[in-house]
Asks: 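Handing you this structure, nothing more for now.
As the structure is a prediction and not an experimental result, all values here were calculated from the model.
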Amino acid sequence: MEQRVSLITLGARDVDALAAFYEALGWARVDSPDGVIAFDLIGQTLGLYPLAGLADEIGVSVDTLGHGAMALAHNVREKGDVAALLAQAEAAGARVLKPAADVFWGGHHGYFADPEGHIWEVAFNPFSPLGPDGAFQWNGVG
C-alpha cells in the first residue's frame with residue numbers, strides 16, 4: 001500500500017445541506033456521479049455520501065458508523081487565519097468546539113464540528129509551513 005490517502009468520504013444524513021456548508025467555506029464541487037458530491041483537494045478528494053448508502057455499501061447498520069474519534073485538519077498560512085476561519089465556519093453553520101488558542105508545541109489552533117458532526121482542526125504550524133500550492137509540508141518538507 002502506498003503511503004497516501006486518495007479519498008476521504010464523509011457519511012451525511014443530508015448530503016445537500018452538508019455540501020452547502022462546505023460551499024459556504026469557499027469550496028467548489030467537481031463533476032461526480034449521481035449520489036456523491038465531491039470537492040477536489042490538493043492530491044485528494046473529499047466526498048460526501050448519504051450515510052445510509054455508506055452503511056449499506058459497507059454492510060453495517062447506520063448506528064454502527066456513528067462518528068469516530070477522528071479529526072480532519074486544515075492548516076492555514078498565518079496565526080490570525082485560525083480565528084478567522086473558525087468564525088467563517090460558525091457563520092456557515094458549524095459549532096466551534098475549541099476557540100483559537102496557542103498550543104504547547106508552538107502552534108495555534110481551534111476545532112469546529114460541521115453541521116453533521118464531523119470534526120475539523122484549523123491550525124497554524126510554524127514548523128510545517130504550507131507550500132506555494134497550499135500543500136501541507138510536515139516539518140517543512142514537501
Side-chain angles (χ1 to χ4, degrees), residues 2-58 60-142:
E2 294 178 27
Q3 189 170 314
R4 64 178 160 75
V5 173
S6 303
L7 173 65
I8 300 163
T9 302
L10 302 180
R13 295 186 193 287
D14 187 337
V15 174
D16 292 325
L18 192 57
F21 168 78
Y22 287 103
E23 290 170 332
L25 294 181
W27 290 20
R29 294 184 197 197
V30 294
D31 288 336
S32 61
D34 286 343
V36 70
I37 295 172
F39 298 90
D40 270 345
L41 309 175
I42 299 168
Q44 297 93 25
T45 298
L46 178 74
L48 307 180
Y49 195 69
L51 187 60
L54 183 60
D56 185 55
E57 183 175 312
I58 296 169
V60 299
S61 72
V62 170
D63 295 338
T64 301
L65 294 179
H67 287 287
M70 181 184 87
L72 301 167
H74 178 84
N75 281 50
V76 294
R77 296 181 187 283
E78 302 290 333
K79 181 177 178 176
D81 294 342
V82 173
L85 185 49
L86 289 171
Q88 182 183 4
E90 186 172 39
R95 182 170 47 99
V96 173
L97 302 173
K98 179 181 181 180
D102 289 337
V103 187
F104 71 93
W105 48 263
H108 190 77
H109 73 171
Y111 287 86
F112 71 85
D114 76 14
E116 296 238 3
H118 303 104
I119 298 173
W120 285 84
E121 175 189 25
V122 179
F124 168 70
N125 183 337
F127 309 109
S128 296
L130 300 180
D133 64 352
F136 182 71
Q137 301 176 107
W138 186 259
N139 289 327
V141 179

Asks: When rounded to the nearest 0.5 angstrom, what is the spacing between CG in Asn75 and CD in Gln137?
Replies: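 That separation rounds to 11.0 Å.
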
Asks: Start with the C-alpha distance between Arg4 and Gln44, add both sets of side-chain angles, then the distance that settles side-chain contact (heavy atoms from CB on, under 4.5 Å), and finish with yes or no.
Replies: CA-CA 9 Å; Arg4 64 178 160 75; Gln44 297 93 25; 5.9 Å; no

Asks: How far apart are the closest heavy atoms of Leu65 and Leu51, and which atoms are they?
Replies: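 Shortest heavy-atom separation between Leu65 and Leu51 comes out as CD1-CD1, 3.7 Å.
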
Asks: Would a 4.5 Å heavy-atom cut-off, applied to side chains only, mark Trp27 and Leu41 as touching?
Replies: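 Side-chain contact under 4.5 Å: yes.
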
Asks: Would Leu10 and Asp114 satisfy side-chain contact (heavy atoms from CB on, under 4.5 Å), going step by step from the backbone distance to the final call?
Replies: CA-CA 11 Å; Leu10 302 180; Asp114 76 14; 4.2 Å; yes

Asks: Relative to each other, are the rings of Tyr22 and Phe39 parallel, tilted or perpendicular (30° and 60° limits)?
Replies: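 Rings of Tyr22 and Phe39: tilted, 30 to 60°.
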
Asks: To the nearest 0.5 Å, what is the distance between CZ on Phe136 and CD1 on Ile42?
Replies: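 Answer rounded to 0.5 Å: 12.0 Å.
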
Asks: Over all heavy atoms of both residues, which pair between Ala24 and Gln88 is shortest? Give the atoms and the distance, please.
Replies: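 Closest approach of Ala24 to Gln88: O-NE2, 3.4 Å.
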
Asks: Measure the CG-NE2 distance between Leu130 and His74 for me, rounded to the nearest 0.5 Å.
Replies: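 If I round to the nearest 0.5 Å, the distance is 7.5 Å.
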
Asks: Is there a side-chain contact between Glu121 and Lys98 (heavy atoms, below 4.5 Å)?
Replies: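 Glu121 does not reach Lys98 side chain to side chain.
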
Asks: Check the surroundings of atom CZ in Arg29: do more than 12 heavy atoms from other residues, nucleotides or ligands lie under 6.0 Å from it?
Replies: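 Yes, CZ of Arg29 has more than 12 neighbouring heavy atoms, counting only those of other groups under 6.0 Å.
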
Asks: Do you know the tightest heavy-atom contact between Asn139 and Ser128?
Replies: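 Residues Asn139 and Ser128, closest heavy atoms: N-OG, 2.7 Å.
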
Asks: Test side-chain contact (heavy atoms from CB on, under 4.5 Å) on Asp81 and Val122; report intermediate values, then the result.
Replies: CA-CA 9 Å; Asp81 294 342; Val122 179; over 6 Å; no

Asks: Assess whether side-chain contact (heavy atoms from CB on, under 4.5 Å) is satisfied between Glu78 and Val76, documenting all intermediate values.
Replies: CA-CA 6 Å; Glu78 302 290 333; Val76 294; over 6 Å; no

Asks: Taking all atoms of both residues into account, what is the closest heavy-atom pair of Leu86 and Gly110, and its distance?
Replies: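 It is CD1-CA, 3.9 Å.
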
Asks: How long is the span from the CD atom in Glu90 to the CG atom in Leu85, to the nearest 0.5 Å?
Replies: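 The distance works out to 12.0 Å.
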
Asks: For Trp105 and Pro126, work out which heavy atoms get closest and say how close.
Replies: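 Where Trp105 meets Pro126 most closely, the heavy atoms are CZ3-CD, 4.4 Å.
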
Asks: Find the distance between CG (Leu46) and CG (Leu72) and round it off to the nearest 0.5 Å.
Replies: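 Here the interatomic distance stands at 7.5 Å.
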
Asks: Measuring from atom CG of Asp31 to atom CG of Asp40, what distance do you get when rounded to the nearest 0.5 angstrom?
Replies: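 So the gap between those two atoms works out to 10.0 Å.
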
Asks: Return the minimal non-hydrogen interatomic distance between Phe124 and Arg77, and the atom names on each side.
Replies: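 It is CE1-O, 3.2 Å.
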
Asks: With a 4.5 Å cut-off on side-chain heavy atoms, are Asp102 and Lys79 touching?
Replies: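 A side-chain contact under 4.5 Å exists here.
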
Asks: Ignoring hydrogens and angles, tell me if any N or O in the side chain of Glu116 forms a donor-acceptor pair with the backbone of Asp14 under 3.5 Å.
Replies: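 Side chain of Glu116 to backbone of Asp14: a pair is present.
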
Asks: Closer than 3.5 angstrom, by distance alone: can the side chain of His118 be matched with the main-chain N or O of Met70 as a donor-acceptor pair?
Replies: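 Not confirmed, His118 side chain does not pair with Met70 backbone.
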
